[in-house]
Amino acid sequence: MRKLWRLLPLAVIGLAALVVAGCGGGGGGGGTSTTGASGKTGGTATVLDFAGSIDSLDPGYWYYQTDYEEMGQTTQRWLYGWKPDDTKPRPDLAQGLPQISDGGKTLTIKIKQGIKYSPPLQTRTVKAADIKYSMERCFATSVANGYAAAYYPDIVGAPSAPTSKVPDISGIQTPDDSTLVLKLKKPVGILANGNALGLPCTGAVPKDYASKYDQGATSKYGQHQVFTGPYMIEGAGSGTIPKSGYQPAKIINLVRNPSWDKSTDFRPAYFDKIVIKNGSDPTVAARQVLSGNNMISGDAAVPPPAILKQGLTTRKSQFVSSPSGGNRYIALNTTVKPFDNVNVRKAVAAVINRNALRQTRGGAAVGTPATHFIPPQMPGFDEAGGNAGPGYDFYKNPDGDVALAKEYMKKAGYSSGMYTGGPVLAVGDNVSPAKQTAEAIQQQLKAIGINLNLREVPHATMLQKYCNVPKAKVAMCPNLGWGKDFFDSQSMIDPIFNGKNIVPSGNVNTAQANDPKFNARMNNAVSVTDPNQRAQIYGQLDKDLTGQVYYVTWLWDNNISFGSKNVNVVQNSFNGGAPDLVFSSLK
Amino acid sequence: MTTYIIRRLLWVIVLLFLVSAITFVIFFALPSTDPAQLRAGRQPNPALVEAIRHNLKLDKPIYVQYWLYMKQLVLHFDFGYSYQNNISVKQQIFDRLPATISLALGAAVVWLVIGITVGTISAIKRRSVFDRAAMGGALVGISAPVYWLGLLSLFLFSNDIGKIHIFPGSGSYVPLSQDPAKWFTSLILPWFVLAASFAAFYARLLRSNLIEVMGEDYIRTARAKGLRERRVVLRHGIRSAITPIVTAAGLDIGILLGGAILTESVFNIPGIGRLAYESIQNSDLPMIQGTVLLGAFFIVVMNLVVDVAYAFIDPRVRYS
């Protein structure tokens, strides 16, 4: 899930990230409690959104950072949830992690009893069948979920393509009200370790109530949904969400869910009410948050640089920062000259001044110069070499090494150490700060004779018409990034490097990496269920893939949140460092 | 006159039809993004993209899509449903229209009052200190970008982030029906910010027109007849000089009723302008169509109003 504006389905988690220098990484900050373990109950929080707010009311659609922050983690419970500093899924609707049997092909999950729905279904409790239906509807085109096809295809009976009606999936079984059984075609690590079950598709949706709304081209369940989390949309108890509770891109009013029982939940849910206001100007809203009361930054992870700079000297205690779980990279298309030559790619990696690129986004505050693909906090990060990286010489100097780059160019057949071909097509963003990053890369590559023909276009256009379309034959995409979906590095590595993911459009394997040996290793890794072994495998994959320089990863992003003086803002690591509204509180 | 108005109204329908067709063609002929891909997640599954395209009827030929759209619009006054949130376009437009009307009409009152007053005094007291100061100020008003002026006003006068806490700040707008007093106070800053450049332009325009008119023979005649100067200016001078102002005001108000994007954005007023902007960002065709048609409707209707008003302001104008 990403911070992503709706326009950019990619890792904006990172995208926003101006971190507070000195506020410390790793979830640290200047607030009172970074974990939200303690807090003052009561009060109203006002969340100001800059970027665009939630994408949809439908839990089955939620995929991006803001969806999780404002609706997913506040109003619904999933099989597994995430405390602010959790790096492993925590049982929520489930009683415990999946029990694995049948060689990893059967997962049995016991469901907590007595968890009630919000009005008008306040007399109903969550049953295993409700979770089954919730998962099944994620395969329906009327819901248009963005990850079910990627993470649940190995459930027996799961459709290979989205279906016009909600399918009945034979591999999701409910022998009784408190037991959910997943039958798999093969062992699946991200299901066995619970990571891919800590997503909104594993919430509870009662079939007899919701199915009538799931008919038609687009589901209307979101506007009639019932809630299991600590909060619900104001007025939704009538069965229809009223304007007073939600108006698209204007406001969301969350109030306490009267059916919610604190004793069954790990969320403290300190606030009595949460008001989410959309459409704020970033400069104005950032000032309102910092100088006001009870306010929290919403869907933008960073205030404008000038305000941040000023805030760090005068209001440092109001900022918190942590690694976003995402990265930024330059994609080198291996099917287009000159990047079909691995030594040219290594030369590019060597010549790139990652510190200078970081400067285009705000300097040291925005993150750490990357030395490989998997970002900090993720399994496999340490195994791939941690901050120091795998040890490749072309990543050794974060300020770039022109001499080394020229050596690689010579190895690539350019005897002078300089590229002698014509201009190389690159497509980048046309807005700051990404635009400045692309232009800096253009300048740096001149040191080895590569002249970029840089086209600058809107971000969504860049992806949909150029970088994610193989036939566009774009040699370099300098403004890409990727972030985790959960704390398993399959979600970092597989989509970007596996050749099976190369498609005519929407292709996120922008480099078109397609080495059969790597593909096989990634395909095999999917079935590994032991977490430590998975970390080893993906860490080693990261090392080896970094050696091929399909992408020049130059930054591991940080994410920043901020609030009013009287608010203790707590970030959620699973959600890329976005504010966790059920753990934040008034001071 | 009635025939003229009916004929013009029929042209309004034709024009709106053309605008809708052009918007459709632009959206599909020059697509910057694919609405289906935007909604299919960060790693779009091709089958899901196709399914969404089918659901949104984007897989049909463009003329079929246009026909279906127009059929719904004409027969049911139905603008369709947003690609983004599946909520009725008509409902969202009507929800946001009051805010835009409040902003545009209020600002129009401010700029007309200021523009006409300043322009008139400057013309009468040409080369005076007032004239020089007013025209200098007008130059600043015309040059200042609305966005910058909005931020400046908030940083100076809003009661949350301002230096002097006087007016409600960004995001304070409440509908008139909910709280008239708060509605009024929340719009004071936006009204003045939006009106600033218009008032400046109108003052300069009226000043130059009035100076020219006051040199006409019939003004000399009026004075020779012994009319008081006030009556000469108000009755004979301004009435003639104000015609271009009426034209400009009609068009400007029409445009603003279609949305004042920058002002609505800075002050977080949930109006049509912001809705249009967000729709374009989201490639939300039904919403883009709705807001474009609304804007076009206001512009052509205000044009008609201006033309009719001419008949009352200028005795030389007759429609038959």
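Note on naming: letters A, B, ... go to the chains in the order of the sequence lines (proteins, then strands), and numbering restarts at 1 for each one.
Panel note: side chain B/S158, backbone B/G169; no donor-acceptor pair is recorded below 3.5 Å. Not one N or O on the side chain of B/W111 forms a donor-acceptor pair closer than 3.5 Å with the backbone of B/G106. With hydrogens and angles ignored, the 3.5 Å screen pairs a side-chain donor or acceptor of A/S297 with a backbone N or O of A/F562.
Note on B/L48, B/V49, B/N45, B/D160: by heavy-atom pairs under 4.5 Å with chain A, the leading option is B/L48. In terms of non-hydrogen atom pairs under 4.5 Å with chain B, the most contact-rich of A/A249, A/S160, A/S164, A/P504 is A/A249.
Test B/L293, B/I26, B/I280 against B/I288 for side-chain contact (heavy atoms from CB on, under 4.5 Å) and you get one pass: B/I280.
There is no side-chain donor-acceptor pair under 3.5 Å between A/N293 and A/S564. A/N507 and A/N501 are not linked by any side-chain donor-acceptor pair at a separation below 3.5 angstrom, with hydrogens and angles left out of the test.
A/I252 CD1 to A/N278 CG: the interatomic distance, rounded to the nearest 0.5 Å, is 5.5 Å.
Taking 4.5 Å as the heavy-atom cut-off, the residues of residues 257-266 of chain B that approach chain A are B/S265, B/V266, ordered by number. Among residues 87-100 of chain B, the residues having any heavy atom closer than 4.5 Å to a heavy atom of chain A are, in sequence order, B/I87, B/Q91, B/Q92, B/D95, B/R96.
When heavy atoms are compared at a cutoff of 4.5 Å, B/F267 does not approach chain A at all. Looking at A/S219, only its backbone comes within 4.5 Å of chain B, counting heavy atoms on both sides. Of the atoms belonging to A/Y466, not a single heavy atom falls under 4.5 Å from chain B. A/V284 touches chain B through backbone and side chain together, each having a heavy atom under 4.5 Å away. Residue contact with chain A, scored on non-hydrogen atoms closer than 4.5 Å, involves the side chain of B/F155 exclusively. For a residue to count as touching a neighbouring chain, one of its non-hydrogen atoms must lie under 4.5 Å from one of that chain's; by this rule A/P458 does not touch chain B.
Between A/H224 and A/Y213, the ring planes are parallel. Angles under 30° get that label, and only those over 60° would be called perpendicular.
With a 6.0 Å cutoff to the six-membered ring centre and a 45° limit on the axis angle, B/R39 does not count as a cation-pi contact of B/Y83.
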